[in-house]
2 protein chains.
Amino acid sequence: MKDENQGTEQRIKDAAKGLFQKKGFAATKTREIAEASETNLALVNYYFRTKKQLFDAIMLETLNELLSGVVNIYSNEETTFEEKINAFVNHYMDLFSENQNLPAFIMNSVRENPKEYLTQFGLLGKIQDSTFAKQFQEKLEKGEIAQVNPINFIVNLIALTVFPFITQPIVCETTGINKELYYQMIEDRRRLIPLWIETMLRIT
Amino acid sequence: MKDENQGTEQRIKDAAKGLFQKKGFAATKTREIAEASETNLALVNYYFRTKKQLFDAIMLETLNELLSGVVNIYSNEETTFEEKINAFVNHYMDLFSENQNLPAFIMNSVRENPKEYLTQFGLLGKIQDSTFAKQFQEKLEKGEIAQVNPINFIVNLIALTVFPFITQPIVCETTGINKELYYQMIEDRRRLIPLWIETMLRIT
DNA sequence: ATTCAATTTAAACATTCGTTTAATATTAGA
DNA sequence: TCTAATATTAAACGAATGTTTAAATTGAAT
């Protein structure tokens with residue numbers, strides 16, 4: 001039971017993750033995974049049975065990472081409402097800066113099969129019971145924010161944070177700006193998004 | 001040369017469009033297209049040579065529709081800056097309400113191959129020379145808006161408009177809200193997004 | 001009615017793809 | 001060292017997929 005096992009299994013998983021994220025499930029071939037992981041065709045099935053099971057393992061791991069991040073930030077009792085918005089933006093801009101295909105990958109996979117990947121997390125409950133939700137409610141009652149639909153609010157926060165990563169290839173291609181400059185440019189959004197969001201919360 | 005030709009060709013294209021938009025290029029099979037269009041396998045190739053050429057024809061048509069919309073709105077000399085923002089939001093919320101898979105489809109296809117589908121439109125030039133750009137510049141000079149990066153501004157406008165359509169299946173699945181209620185809920189954004197955008201333009 | 005091009009169809013072709021098999025190599029424990 | 005489980009490999013299988021072929025049908029012009 002040397003760690004060559006885990007080595008091979010992990011190498012396959014890593015290679016598959018990269019390919020699935022870039023090209024999606026259907027466009028990624030088992031033979032590509034074998035080649036990219038420097039193993040062979042049979043080993044992929046030896047460790048993961050089927051392509052779908054491999055995909056699901058990766059998907060679950062990725063979603064867990066992603067969602068536990070939200071839940072941790074939202075349920076922190078030590079931070080203010082504003083600090084949570086800041087933390088959210090920074091956490092996801094960090095994550096997506098390192099892994100630029102992640103946003104589109106998640107969107108697509110979950111879109112294709114929302115039931116399969118989301119229901120099991122009990123995400124809604126955790127968010128509804130979170131400190132963040134309570135702080136939102138408090139601010140509403142104190143009149144510090146306007147009567148905004150909380151779904152609009154959350155969608156806006158995610159949209160402003162995530163969307164620039166999804167559109168990067170499009171913007172870079174049409175404008176001719178190179179990737180590095182683009183990512184450098186959207187760094188400023190770490191500061192701006194919380195400001196934007198807070199003023200948006202005052203508009204009815 | 002009866003219009004059965006155009007009938008068949010169009011029927012194939014329509015069926016293919018629906019499938020490509022829902023499942024993407026790789027996951028859509030030529031046999032599905034044949035079946036969905038109530039034709040047969042060979043006819044698909046008779047009219048479009050290859051699956052890729054069929055896809056490209058659809059893609060080009062779709063992009064043209066989509067982008068000519070932006071260009072028309074941006075280059076209108078009769079409308080104010082604020083009216084253009086309004087028109088943009090309404091135009092795309094109309095379009096995507098009718099065709100709910102469109103946003104994700106465009107994002108993905110263009111992301112996968114930005115050069116192939118975007119460069120030929122000369123989009124950047126048309127936008128840079130548009131009345132919208134001039135009006136933006138004027139407002140900047142008059143001090144009516146802050147020194148904001150125009151790319152951040154455009155990305156925000158598109159993000160706030162498009163993103164709710166991309167996340168619809170995710171939000172509905174996690175919250176339990178049904179589709180109709182969701183779309184009804186985001187209708188309010190037609191009014192809100194222009195307000196949001198205008199206040200965002202005053203933040204440095 | 002005949003002709004000829006355009007259209008439609010059924011069948012087949014050649015690959016590719018996901019998966020399995022069976023044989024070989026490696027490792028750890030007795 | 002021997003054994004048995006685990007890991008790796010090459011080859012093959014069967015189904016699916018994109019595309020082509022060749023024959024049949026249709027429709028309009030002569």
Side-chain angles (χ1 to χ4, degrees), chain A residues 1-62 101 105 108-109 112-113 116-117, chain B residues 1-62 101 105 108-109 112-113 116-117:
Chain A
M1 212 127 337
K2 64 277 124 144
D3 64 2
E4 277 295 307
N5 297 2
Q6 256 219 349
T8 314
E9 185 170 352
Q10 194 58 45
R11 225 163 56 243
I12 293 171
K13 212 195 280 183
D14 289 344
K17 191 187 275 187
L19 289 166
F20 282 141
Q21 285 183 5
K22 187 157 39 163
K23 323 189 345 167
F25 179 77
T28 300
K29 311 302 174 184
T30 40
R31 281 166 179 81
E32 292 182 272
I33 297 172
E35 192 183 3
S37 60
E38 290 177 315
T39 61
N40 70 68
L41 205 48
L43 274 177
V44 176
N45 284 46
Y46 176 73
Y47 283 106
F48 296 96
R49 304 282 304 164
T50 68
K51 180 184 167 189
K52 181 65 162 57
Q53 279 185 50
L54 171 55
F55 182 84
D56 285 348
I58 288 169
M59 192 64 203
L60 229 56
E61 221 176 83
T62 306
N101 294 312
F105 171 68
N108 291 326
S109 308
E112 276 173 31
N113 209 336
E116 190 171 355
Y117 298 118
Chain B
M1 212 128 336
K2 62 270 124 143
D3 64 3
E4 277 292 310
N5 297 1
Q6 255 219 352
T8 317
E9 184 169 353
Q10 195 58 46
R11 225 165 54 246
I12 293 171
K13 211 195 280 187
D14 289 345
K17 192 187 273 188
L19 290 166
F20 282 141
Q21 285 183 4
K22 187 157 39 168
K23 324 189 342 166
F25 179 77
T28 300
K29 310 304 173 185
T30 40
R31 280 168 179 79
E32 293 182 271
I33 297 172
E35 192 182 4
S37 60
E38 289 177 317
T39 62
N40 71 68
L41 206 45
L43 274 177
V44 177
N45 285 47
Y46 175 75
Y47 283 106
F48 297 96
R49 305 282 304 161
T50 67
K51 180 184 167 189
K52 180 64 163 53
Q53 279 185 51
L54 171 54
F55 181 84
D56 285 349
I58 289 168
M59 193 62 202
L60 230 56
E61 219 176 85
T62 308
N101 293 313
F105 171 67
N108 291 326
S109 309
E112 276 174 31
N113 209 336
E116 192 172 352
Y117 298 118

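Note on naming: letters A, B, ... go to the chains in the order of the sequence lines (proteins, then strands), and numbering restarts at 1 for each one.
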Ordered by number, residues from residues 51-60 of chain B within less than 4.0 Å of DNA chain D (heavy atoms) are B/K51
Separation between OH (B/Y47) and NZ (B/K13), nearest 0.5 Å, reads 12.5 Å
So, with a heavy-atom separation below 4.0 Å from DNA chain C, the residues of residues 14-34 of chain A are A/T28, A/K29, A/T30, A/R31
Any B/T62 side-chain heavy atom under 4.5 Å of B/K17 side chain: yes
When rounded to whole Å, the CD to P distance for the pair A/E35 and D/dT9 reads 14 Å
Show each protein N/O and nucleotides 9-11 of chain C N/O combination with a separation under 3.5 Å, one pair to a line.
residue	atom	partner	partner atom	Å
C/dT9	OP2	B/N40	ND2	2.9

Sorted by chain and number, sequence neighbours left out, side-chain contact (heavy atoms from CB on, under 4.5 Å) with A/N108 holds for A/A104, B/N108
- [ ] Would you please classify the geometry between the B/F55 ring and the B/F20 ring as parallel, tilted or perpendicular, with 30° and 60° separating the classes?
- [x] perpendicular
What closest approach, in Å, do [X] and [Y] show between heavy atoms, and which atom pair accounts for it?
| X | Y | value |
| --- | --- | --- |
| A/V44 | A/T39 | CG2-OG1, 4.4 Å |
| B/A16 | B/I33 | CB-CG2, 3.9 Å |
| B/M59 | B/S109 | CE-CB, 3.3 Å |
| A/L19 | A/T28 | O-OG1, 3.3 Å |

Quick note, salt bridge (Lys or Arg N to Asp or Glu O under 4.0 Å) partners involving residues 41-52 of chain A, not counting sequence neighbours, are A/K52-A/D56, A/K52-A/E116
Applied to residues 21-31 of chain A, the salt bridge (Lys or Arg N to Asp or Glu O under 4.0 Å) test, sequence neighbours excluded, yields A/K23-A/E32
